[in-house]
Amino acid sequence: MGVAPMGHAHEVIDTSGGCGASFTIEIVSANFEGKRLLERHRLVNAALEVEMKEIHALSIKKALTPEQWKQQEESENPKPTTA
């Protein structure tokens with residue numbers, strides 16, 4: 001999928017069972033700054049306009065800004081404290 005100009009797909013999963021027509025994605029983009037979730041999804045769909053003609057279903061699992069991604073990573077993988 002060609003999402004590189006808009007952001008970085010952190011996870012793309014083919015959920016179609018092999019036919020390549022259904023995907024779940026996580027994407028991070030600075031273009032999402034100040035945008036609501038629906039606006040972020042519209043940006044992703046616009047960036048994938050050509051690919052969407054061949055895709056049956058696209059589930060956007062997460063559409064985060066780089067700062068949101070960083071915060072999520074830090075909360076999921078806390079740094080060990082040293083004593």
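Start at 1 with the first residue, then count along the sequence. Because only heavy atoms are used, hydrogens play no part in the values below, and waters and symmetry mates are left out as well, while side chains stay in. All values derive from a computational prediction rather than experimental measurement.
The side chain to side chain contact (heavy atoms under 4.5 Å, CB included) test applied to K70 returns E67, E74, not counting sequence neighbours. Listed by chain and residue number, S16 satisfy the side chain to side chain donor-acceptor pair (under 3.5 Å) test with D14 (two or more places apart in sequence, or in another chain).
Summarising the geometry of L43 relative to F32, their closest heavy-atom pair is CD1-CD2, 4.0 Å, with the distance given to 0.1 Å.
Each of T24, I27, I25 was compared with V12 under the side-chain contact (heavy atoms from CB on, under 4.5 Å) criterion, and only I25 meets it.
In the displayed structure, E49 atom CD is contacted under 6.0 Å by at most 12 heavy atoms of other residues, nucleotides or ligands.
To the nearest 0.5 Å, atom NZ of residue K53 and atom CG of residue L48 are 12.5 Å apart. Between T15 atom OG1 and F23 atom CZ the span is 7.5 Å, to the nearest 0.5 Å.
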List, one per line, each side-chain donor-acceptor pair under 3.5 Å for residues 59-66, sequence neighbours excluded.
from	atom 1	to	atom 2	distance (Å)
K61	NZ	E26	OE2	3.4
K62	NZ	Q72	OE1	3.1
T65	OG1	Q68	N	3.1
T65	OG1	Q68	OE1	3.3

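No continuous path of hydrophobic side-chain contacts links L37 to V44 [ILVMFWY only; heavy atoms under 4.5 Å].
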